[in-house]
Amino acid sequence: MPQNSNLQDPDVQSALVQITTSARWRKDSLYVTLFLGPSLLLLSVFVFWPMIKTLYLSLFLTDNLGHASVFVGLSNYVNLFKDPAYLSSLGATLLYVIAVSVLTIVLGMLLAVAAQQHLQGIRFFRTIFSSTMGISVSVAAIFWLFAFNPSVGVFAQISQVLHLPEINWLADPHFALLAVIITTVWMNLGFTFLILFGALQQLPSSLFEAAKIAGVNKTTQFFKISLPLISPTLFFVLVVTLIDAFKSFGLIDLMTVGGPNNATNLLVYRVYQDAFLNGNYGLASTESVILTVIIAIITLLQFKLLGKRVNY
């Protein structure tokens, strides 16, 4: 009886609750540490700390080893936006990103719609359409370097047959960026096609059968039924393609090295040049921060403007 009366004491019950809560909290904290600890450690070492260090270095002049030497505040940012070469790289990057994103999504959608048709041998073409996913950047660069060769390339051969002016694609500032855009779209097309084709395959056939009975043509079915239903997938592909275009580096390094006359010297490649070729880590850090802000702003605008039109 004394033990039961002690358990009924409010103070004793409160103490038991606190002990139980504390034990549960320690147990949950242990699980959180075990499951999230390794990920947080890796993120801290390879993401958070480099981001903080980059932001810090962007406010300094640095030596050849990347050590901060003179604090200059926002001067690096101001000088960049006064630099015609940097503004030219910014314009080329925006043109490249828009062209790659639009062409990749439009062509990927056309291939996905074509792959839905019930034609003989369509499975073979579905495999061909998605095959670029398995090709590395270096192999793609070698293939397109040969294709754009002004002497023996396929485009040179076509120009000779059609009696068109010969174009040295990768050495002409007016065509070099276009050549890189074509190559990038070809590289990204397999992933985009596969995602959009999978989304179209999941659409219920009953909707299209009802639309066909009602006399709705296929074009109207596509714009009024298919596109609204796959809008979440389309939005995902747009965001991923746009961010990936901003980070394009391998093809430019292998095909044009930022030239000719800086025509393909996109922002991410300029960061590499200033940091690892010129040893100007402070300026490269500033360019990295600006590039990150641009990607973040464009991504937020996509979610604000296009996210509202997505039908879930």
Side-chain angles (χ1 to χ4, degrees), residues 93-135 140 143-144 147 154 158 178-248 251 294-312:
T93 301
L94 294 178
L95 176 61
Y96 171 83
V97 168
I98 293 172
V100 167
S101 300
V102 172
L103 290 174
T104 301
I105 291 175
V106 171
L107 293 177
M109 179 61 73
L110 291 176
L111 291 179
V113 173
Q116 271 203 307
Q117 308 305 312
H118 299 288
L119 301 174
Q120 187 174 2
I122 195 63
R123 292 186 178 180
F124 170 76
F125 287 102
R126 291 172 184 172
T127 305
I128 295 299
F129 293 160
S130 59
S131 61
T132 57
M133 290 185 62
I135 299 177
F143 171 78
W144 284 98
V154 62
I158 294 173
L178 177 60
V180 176
I181 289 172
I182 292 172
T183 307
T184 307
V185 170
W186 181 81
M187 279 285 297
N188 295 343
L189 207 52
F191 170 79
T192 304
F193 158 75
L194 204 60
I195 297 297
L196 294 177
F197 176 71
L200 290 174
Q201 287 288 91
Q202 298 300 316
L203 298 181
S205 59
S206 57
L207 293 176
F208 299 97
E209 292 173 359
K212 185 177 180 181
I213 294 173
V216 180
N217 59 52
K218 290 188 176 181
T219 303
T220 305
Q221 289 180 27
F222 175 75
F223 285 102
K224 296 297 183 180
I225 300 176
S226 299
L227 276 185
L229 290 178
I230 68 168
S231 57
T233 304
L234 200 59
F235 180 65
F236 163 76
V237 169
L238 176 61
V239 172
V240 171
T241 302
L242 189 139
I243 293 176
D244 189 59
F246 268 109
K247 300 187 297 181
S248 294
L251 288 175
I294 290 173
I295 294 175
I297 290 174
I298 292 179
T299 304
L300 287 174
L301 287 176
Q302 284 181 298
F303 275 93
K304 287 290 184 182
L305 300 178
L306 301 178
K308 297 178 181 178
R309 300 186 179 184
V310 176
N311 300 310
Y312 293 99

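All values reported here derive from a predicted model rather than from experimental measurement.
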Does a side-chain heavy-atom distance below 4.5 Å link Phe125 with Gln117?
no
Minimum side-chain heavy-atom gap Leu229-Gln202 below 4.5 Å
no
Does the side chain of Val97 reach to within under 4.5 Å of the side chain of Ser101, using non-hydrogen atoms?
yes
Residues 181-195 vs side chain to side chain donor-acceptor pair (under 3.5 Å), sequence neighbours excluded, gives Tyr96-Thr184
Would you say Leu203 and Phe208 make side-chain contact, with heavy atoms under 4.5 Å?
yes
Hey, what do you get for CD1 (Ile230) to CD (Gln201), rounding to the nearest 0.5 Å?
11.5 Å
All heavy atoms of Ala140 vs all of Met187, minimum pair found to be CB-SD, 3.2 Å
Output the distance between atom CG (Leu251) and atom CD1 (Ile181), rounded to the nearest 0.5 Å.
12.0 Å
Could you walk me through whether Leu94 and Phe246 satisfy the side-chain contact (heavy atoms from CB on, under 4.5 Å) test, starting with their C-alpha distance in whole Å, then the side-chain angles of each, then the deciding distance to 0.1 Å, before giving a yes or no?
CA-CA 8 Å; Leu94 294 178; Phe246 268 109; 4.3 Å; yes
For a quick test of reading the model, state the closest non-hydrogen atom pair linking Ala112 to Leu200 and the distance between them.
CB-CD1, 3.8 Å
Give me the atom names and distance for the closest heavy-atom approach of Gln221 to Val216.
NE2-O, 2.9 Å
Is Thr241 close to Phe191 at the side-chain level, that is, under 4.5 Å between some pair of heavy atoms?
no
Reported OG1-to-CD1 distance for the pair Thr127 and Ile122, which is rounded to 0.5 angstrom:
10.0 Å
On a heavy-atom basis, which atom in Gln302 and which in Phe235 lie closest, and how many Å separate them?
O-CE1, 3.5 Å
Spacing of Leu194 atom CG and Leu111 atom CG [to the nearest 0.5 Å]
11.5 Å
With side-chain contact (heavy atoms from CB on, under 4.5 Å) as the test, would you mind laying out the steps for Thr132 and Phe193 before giving the verdict?
CA-CA 10 Å; Thr132 57; Phe193 158 75; over 6 Å; no
Drop me the distance from Leu305's CG to Ile298's CD1, to the nearest 0.5 angstrom.
11.5 Å
Would you compute the distance between atom CG of Leu238 and atom CD1 of Ile243 and round it to the nearest 0.5 angstrom?
9.5 Å
